Student: 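Handing you a structure now.
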Amino acid sequence: MRSSDVDEPREADMADQISLADALSQQEVEALIPEESIWRYRLRRLDIPVQILRIAILFGIWALWHFEVVWNGWEAFSVAGITPFPDVPETFRASPGETWEYFTQIYHEQLFWQDLWVTVKEALFGFAIGSILGLVIGIVLGRFRRAAKTMGPFIVIINAMPKIAFLPLILIVYGVGETSKVVLAVIIVFFIVQVPTQAAVALVDPDLDLVARTMGASQRQLFTKVTLPGITPAVFGALRLSAVISVLAVVFGEIFSARRGLGQRLITAANQLSYGDTFAIVFILALIALIMNGGIGFAERKALRWQATQQGGQVISL
């Protein structure tokens with residue numbers, strides 16, 4: 001059998017396929033795709049029933065707070081002799097009106113914006129430095145097993161230590177300024193990013209690595225084409241969590257000892273029994289963490305566009 005006898009039918013089949021593709025015009029191809037207007041697409045993405053349910057839940061929470069149901073407590077309900085919803089004394093209660101009044105008062109207060117900026121700056125620096133260090137160390141230890149075996153026990157021991165217990169020492173070394181809060185956030189954020197990054201690198205499919213090596217991929221190509229895409233979802237999940245934890249870390253440090261910051265405002269309001277102000281500051285801190293989380297979610301959607309679903313990158317799904 002001649003090779004031409006085998007090749008000729010294949011070439012004929014290819015010619016038939018090309019002629020068939022040419023027979024379909026661009027308009028005919030577009031006609032095969034289901035049409036959907038932009039408004040119908042937006043309504044489908046909005047998912048109106050879900051939005052209605054969210055509004056109902058939000059209104060229910062506000063009603064429980066406004067009518068003081070959450071403060072009156074349910075003394076009859078107990079679990080193993082413990083009352084999870086005890087009655088709260090009148091002195092320690094706060095209404096939505098008192099909380100909203102704090103927002104209206106601080107809007108024109110310059111010192112509040114200075115405190116807000118101090119807390120945001122500390123959280124951003126702590127998050128950025130801790131995340132970068134955790135990402136680098138996690139990739140190195142996940143990639144090189146001998147290094148992981150050497151450093152593994154020490155990292156586990158340090159990670160097991162309560163980082164908050166080091167705060168008095170950190171304050172002595174770095175003072176009560178902003179640096180000590182950043183250091184505390186870095187220590188906490190580092191392990192939140194490093195541990196899942198190392199695990200993700202170690203769990204990258206070895207078959208993909210083998211195939212890439214077989215095709216002549218360099219070490220840089222192995223890292224950029226195999227390792228990075230494999231660990232990206234886990235890394236972004238760790239970053240989203242560390243963004244929230246960085247805010248909590250700096251606020252705790254400010255509550256313990258600080259010159260400026262929302263943490264100092266929070267503990268001052270609580271000590272003065274101004275729980276309307278306390279709730280307002282807590283909501284502001286939650287908003288800061290949500291904005292940081294949203295920025296990471298936006299970057300995650302851009303980095304994971306190759307995924308079939310991008311639910312991981314959504315902080316608040318609208």
Side-chain angles (χ1 to χ4, degrees), residues 119-167 169-171 173-174 178-205 209 219-220 222-254 285 288-304 307 312-313 315:
T119 300
V120 170
K121 183 170 56 175
E122 292 170 350
L124 287 176
F125 275 106
F127 166 75
I129 299 173
S131 298
I132 293 174
L133 293 177
L135 184 62
V136 172
I137 300 300
I139 292 175
V140 170
L141 296 183
R143 193 69 179 173
F144 302 100
R145 295 185 177 180
R146 191 176 296 275
K149 289 181 179 180
T150 303
M151 300 300 300
F154 301 101
I155 291 179
V156 171
I157 292 174
I158 298 174
N159 190 23
M161 296 179 180
K163 286 74 175 178
I164 301 300
F166 291 101
L167 183 56
L169 178 61
I170 293 173
L171 291 173
V173 175
Y174 295 98
E178 300 174 9
T179 305
S180 57
K181 317 308 180 298
V182 174
V183 171
L184 178 62
V186 168
I187 295 174
I188 296 176
V189 168
F190 170 80
F191 291 100
I192 296 177
V193 178
Q194 182 268 327
V195 173
T197 300
Q198 179 180 345
V201 173
L203 292 176
V204 171
D205 192 348
D209 196 46
Q219 288 295 329
R220 181 179 64 84
L222 286 174
F223 177 73
T224 57
K225 303 299 183 181
V226 177
T227 303
L228 272 185
I231 69 173
T232 299
V235 168
F236 272 109
L239 291 177
R240 290 155 65 87
L241 177 60
S242 63
V244 178
I245 298 300
S246 65
V247 177
L248 298 180
V250 299
V251 169
F252 183 85
E254 290 173 352
L285 293 172
I288 295 172
L290 186 63
I291 293 174
M292 293 178 62
N293 203 352
I296 299 172
F298 178 79
E300 183 178 2
R301 287 195 299 272
K302 295 297 183 182
L304 300 180
Q307 285 189 334
V315 180

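Quick caveat, the model's predicted, so the values are computed rather than measured.
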Student: Which atom names give the shortest non-hydrogen contact between Val189 and Phe127, and what distance separates them?
Tutor: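 Closest approach of Val189 to Phe127: CG1-O, 4.0 Å.
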
Student: Does any non-hydrogen side-chain atom of Thr150 lie less than 4.5 Å from one of Arg145?
Tutor: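 Contact flag for Arg145/Thr150 side chains = no.
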
Student: Tell me every residue that passes side-chain hydrogen bond (donor to acceptor under 3.5 Å, both in side chains) with Thr197, counting only those two or more places apart in sequence or in another chain.
Tutor: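 Thr197: no side-chain hydrogen bond (donor to acceptor under 3.5 Å, both in side chains) contacts found.
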
Student: Is the charged tip of Lys163 near the ring of Phe190: under 6.0 Å from the six-membered ring centre and within 45° of its axis?
Tutor: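 No, Lys163 and Phe190 do not form such a contact.
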
Student: Which pair of non-hydrogen atoms, one from Val247 and one from Ala123, has the smallest distance, and what is that distance?
Tutor: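 Shortest heavy-atom separation between Val247 and Ala123 comes out as CG2-CB, 4.0 Å.
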
Student: Grab the two heavy atoms, one from Arg240 and one from Ile296, that are nearest each other, plus how far apart they are.
Tutor: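 What the structure gives for the nearest pair is CG-CG2, 3.6 Å.
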
Student: Taking all non-hydrogen atoms of both residues into account, name the closest pair between Phe236 and Ala303 and its distance.
Tutor: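 So the two residues come closest at CE1-CB, 3.7 Å.
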
Student: Can you name the nearest heavy-atom pair linking Ala249 to Leu184, along with the distance?
Tutor: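 Reported closest heavy-atom pair: O-CD2, 3.5 Å.
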
Student: Which distance, rounded to the nearest 0.5 Å, do you find between the CG of Leu133 and the CZ of Phe191?
Tutor: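 Nearest 0.5 Å value for the CG-CZ distance: 10.5 Å.
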
Student: Any chance you could measure Ile188, atom CD1, to Ile245, atom CD1, to the nearest 0.5 Å?
Tutor: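 Those atoms lie 7.5 Å apart.
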
Student: Checking side chain to side chain contact (heavy atoms under 4.5 Å, CB included) between Ile170 and each of Val182, Ile164, Thr179, Val183, which is the one that passes?
Tutor: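 Only one of Val182, Ile164, Thr179, Val183 forms a side chain to side chain contact (heavy atoms under 4.5 Å, CB included) with Ile170, namely Val183.
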
Student: What heavy-atom pair brings Met292 and Ser246 nearest, and what distance separates the two atoms?
Tutor: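 It is CE-OG, 3.7 Å.
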
Student: Side chains of Phe125 and Glu178: does their closest heavy-atom pair fall under 4.5 Å?
Tutor: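 They are not in side-chain contact.
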
Student: So how far is it from Ser242 OG to Gln194 CD, rounded to the nearest 0.5 Å?
Tutor: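 Rounded to the nearest 0.5 Å, the OG-CD separation comes to 13.0 Å.
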
Student: Do Thr119 and Leu285 pass the side-chain contact (heavy atoms from CB on, under 4.5 Å) test, and can you show the C-alpha distance, the side-chain angles, and the key distance before you say yes or no?
Tutor: CA-CA 9 Å; Thr119 300; Leu285 293 172; 4.2 Å; yes

Student: Are any non-hydrogen side-chain atoms of Ile155 and Leu141 less than 4.5 angstrom apart?
Tutor: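 Sidechains of Leu141 and Ile155: in contact.
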
